[in-house]
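Ligands are counted one by one from 1 in listed order, and the atoms in each one are counted from 1 as well. We number each residue from 1, following the sequence as shown.
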Amino acid sequence: RVIHQNKDSEKPTVAILGSGWGAISFLKHIDSTKYNVILISPRNYFLFTPLLPSCPVGTVDEKSIMEPVVSFANKKTGDVTYYEAEATDINPTEKTVTIKSFSNINTISPNSVNVGLKANEVAQIKYDYLVSAVGAEPNTFGIPGVEEHGCFLKEIPDSKKIRNKFIEAVEKANLLPKGDPERKRLLTLVVVGGGPTGVETAGELQDYIDQDLKTFMPNIVDEIQIILIEALPVVLNMFETKLTSYAEKVLRETNIDLKTKTAVGKVESEYLIAKTKKDDGSVEETKIPYGVLVWATGNKPRSLITNLFKKIPEQNSANRGLIVDETLLVNGTNSIFAIGDNAFAKLPPTAQVAHQEAEYLAKVFSKISRIPNFHENLKISSTPQALFKENGVKPFEYVHLGALAYLGAEKAIANITYGKRSFYSGGGIFTFFVWRVLYLSMILSFRSRFKVIADWTKIAFFGRDAFKEL
Ligand code: FAD
Ligand code: NAD
């Protein structure tokens, strides 16, 4: 067991957990000359999740939306250490994080102390402040069979899994005669969850079928059926009715079989059981055979976070994320901040929220570094909220900039706002171009932005590829 200690013990040590929207946006903005910064994440790259639904079918290449942690860390002037490791336990009393290393190469900063961790080795990192941004994990609501047979869409390996399973199912079906029920099953692709992940994934898959597979396998393409299942009466329920109705119209026109008011309750290897609420109040149970199942029903907190709920009395009642105050300090602690999907600040779990929280928190860290004795005072304060207030730290204010969703067939819906003021609300092909421009502007690095533009240009001329993993 090794304890990480920084050479410069004058500066407080900030340990950041994660390399997603919250963690990397915080890293980008924190004044690393004022703190020893340690970033811990098993994933050595940032992932631009808004374009992840474009990856399984290759509208955008997976590598185009990945940006190594090193690219961000190397731009910092101060000392940044990166551990390619998973945080397995947080001890709020001792102010330590237990980590399990994923790699033999642990530190990227030559000036830091390299504790020489090898793969799978366990160590403890001592922190003065912890910024927890480990995100969340797919929620199956305990429905049997989902983990075993379904594919999620949260990380890069998920995208590859969907692509492989889909191409494999189509290839297998192609060997069977037309009219064979097994051929029909293999060519049925079910997406469960009509939130933005489910809708965008279904739309991208349908694009691939209509625009590319049609040329590769014209004899089979008309038999492929995507079914999108949503428990609520509408899909994309964060949008206004006008836009959700438009979205449903586009999905149906592009041949997606949309089943609303339908909840999946059981999954077997080749079929699932769904229950549909009828208008007369009765419930109809259906057995739906499938070849590929994509599961996109939202997220739940990771075990690292639920374990922490139990260790802090003020968090005992938490269930969606660490309950934070208006400065994003975890209630019941003086040293742990939480941002993004692992925090519960009564805001939706989006990249937009995580990014704004991270920018805000980095500013708070800059401000408090300039206040004499603030760090010492915070350590012993029983009313940290009051201390922040007395020192002029303003509360976090979220500014909602709207929502966007791609529907397939080069159509999107968008609602662009600034807080309560709405600037644009619409759907269609023009909105699709608005969607593209705004997503490009959200990408955190120039390199990634360039690669995405190149991917879009490439498919406009040559279409998508249809390969399984090499
Ligand atoms: P994440 O970005 O998920 O990052 C979590 C990080 O923590 C990862 O690096 C992970 O490897 C790391 N980690 C996990 N466990 C540990 C551990 N034990 N120790 C250390 N590190 C750990 N939001 C939008 O606003 N707009 C969109 O268009 C949009 N599209 C999306 C599309 C998809 C397919 C998905 C899945 C999500 C989308 N979201 C979108 C939501 C958005 O991605 C999340 O809200 C956002 O990623 C949350 O940021 P985060 O930093 O909390 O978590
Ligand atoms: P979500 O929670 O937004 O949607 C999940 C959907 O699955 C819900 O509509 C729910 O009713 C449905 N569902 C749950 N259990 C079901 C069951 N058993 N059977 C059928 N339907 C069921 O999840 P998401 O789409 O993964 O999004 C997660 C977060 O990421 C959200 O905050 C979302 O806004 C954000 N996100 C945003 C974008 C975008 O802005 N374009 C894209 C993807 C994700």
Side-chain angles (χ1 to χ4, degrees), residues 15-26 39-56 69 83-90 97-100 102 132-141 143 146 152-155 158-159 190-201 228-239 259-267 272 274-275 295-299 302-305 321 338-343 347-358 401-406 412-415 435 438-439 442:
I16 308 168
L17 304 184
S19 53
W21 275 101
I24 294 296
S25 307
F26 181 77
L39 192 130
I40 299 152
S41 177
R43 192 180 79 192
N44 64 14
Y45 55 88
F46 165 76
L47 176 63
F48 183 75
T49 47
L51 286 176
L52 187 58
S54 302
C55 290
V69 169
Y83 286 101
E84 191 174 331
E86 183 188 3
T88 53
D89 187 52
I90 297 168
V97 185
T98 306
I99 65 168
K100 190 172 167 211
F102 265 52
S132 183
V134 297
E137 60 187 36
N139 198 353
T140 64
F141 298 96
I143 296 170
V146 179
F152 301 116
L153 187 62
K154 189 87 176 75
E155 299 289 343
D158 301 329
S159 162
V190 178
V191 178
V192 182
T197 303
V199 169
E200 292 189 331
T201 308
L228 177 60
I229 302 181
E230 167 55 50
L232 299 174
V234 285
V235 294
L236 301 170
N237 74 335
M238 70 285 285
F239 287 93
K259 295 185 191 301
T260 49
K261 293 190 199 160
T262 304
V264 174
K266 192 176 173 202
V267 173
L272 52 82
K275 285 185 178 164
W295 194 268
T297 63
N299 301 321
R302 295 187 192 278
S303 58
L304 177 76
I305 301 302
I339 52 178
D341 288 1
N342 73 177
L347 291 168
T350 63
Q352 203 186 143
V353 169
H355 182 74
Q356 288 187 28
E357 286 178 340
L401 301 175
L404 302 138
Y406 180 59
I413 52 171
N415 178 18
W435 173 87
L438 289 177
Y439 271 26
M442 280 163 66

Measure F239 to ligand 2 on non-hydrogen atoms and call it side chain, backbone, both or neither using the 4.0 Å cut-off. neither

Number the atoms of ligand 1 from 1 as they appear, then name those within less than 4.0 Å of a heavy atom of [X], with their elements.
| X | value |
| --- | --- |
| L153 | 34 (C), 36 (C) |
| I40 | 20 (C), 21 (N) |
| G135 | 5 (C), 52 (O), 53 (O) |
| Y439 | 27 (C), 28 (O) |
| G340 | 52 (O) |
| A87 | 17 (C), 18 (N), 19 (N), 20 (C) |
| A354 | 49 (O) |
| R302 | 14 (C), 15 (N) |

Provide, to 0.1 Å, the distance between [atom] and the closest protein heavy atom, together with that atom's residue and name.
| atom | value |
| --- | --- |
| atom 37 (C) of ligand 1 | T49 CB, 3.9 Å |
| atom 50 (P) of ligand 1 | G22 N, 3.9 Å |
| atom 26 (N) of ligand 1 | P50 CG, 4.1 Å |
| atom 18 (N) of ligand 2 | V264 O, 3.0 Å |
| atom 1 (P) of ligand 1 | G20 CA, 3.9 Å |
| atom 47 (O) of ligand 1 | W21 CD1, 3.1 Å |
| atom 3 (O) of ligand 1 | K154 NZ, 3.7 Å |

State the atoms of ligand 2, each with its element, that fall below the 4.0 Å cut-off from a heavy-atom position in [X].
| X | answer |
| --- | --- |
| P349 | 29 (C), 30 (O), 31 (C), 32 (O), 35 (C) |
| I143 | 18 (N) |
| V192 | 19 (N), 20 (C) |
| T350 | 32 (O), 34 (O) |
| A263 | 19 (N), 20 (C) |
| M238 | 34 (O) |
| E200 | 41 (N), 42 (C) |

Ligand 1 contact on [X] by region, counting heavy-atom pairs under 4.0 Å:
| X | result |
| --- | --- |
| F46 | neither |
| P349 | backbone |
| E200 | neither |

Does any donor atom in the side chain of T140 or W295 lie under 3.5 Å from an acceptor atom in the other side chain? no

Does even one non-hydrogen atom of [X] get within less than 4.0 Å of ligand 2?
| X | value |
| --- | --- |
| Y439 | yes |
| L153 | no |
| A296 | yes |

Nearest 0.5 angstrom please: L17 CG to E86 CD, how far? 10.5 Å

Has ligand 2 got any nitrogen or oxygen that is less than 3.5 angstrom from a nitrogen or oxygen of [X]?
| X | result |
| --- | --- |
| T297 | no |
| A405 | no |
| T197 | yes |
| E230 | yes |
| A231 | yes |
| L232 | no |
| L404 | yes |
| N299 | no |

Check: E137 and F152 side chains under 4.5 Å, non-hydrogen atoms: no

Heavy-atom proximity to atom 23 (N) of ligand 1, best of A351, P42, G298: A351

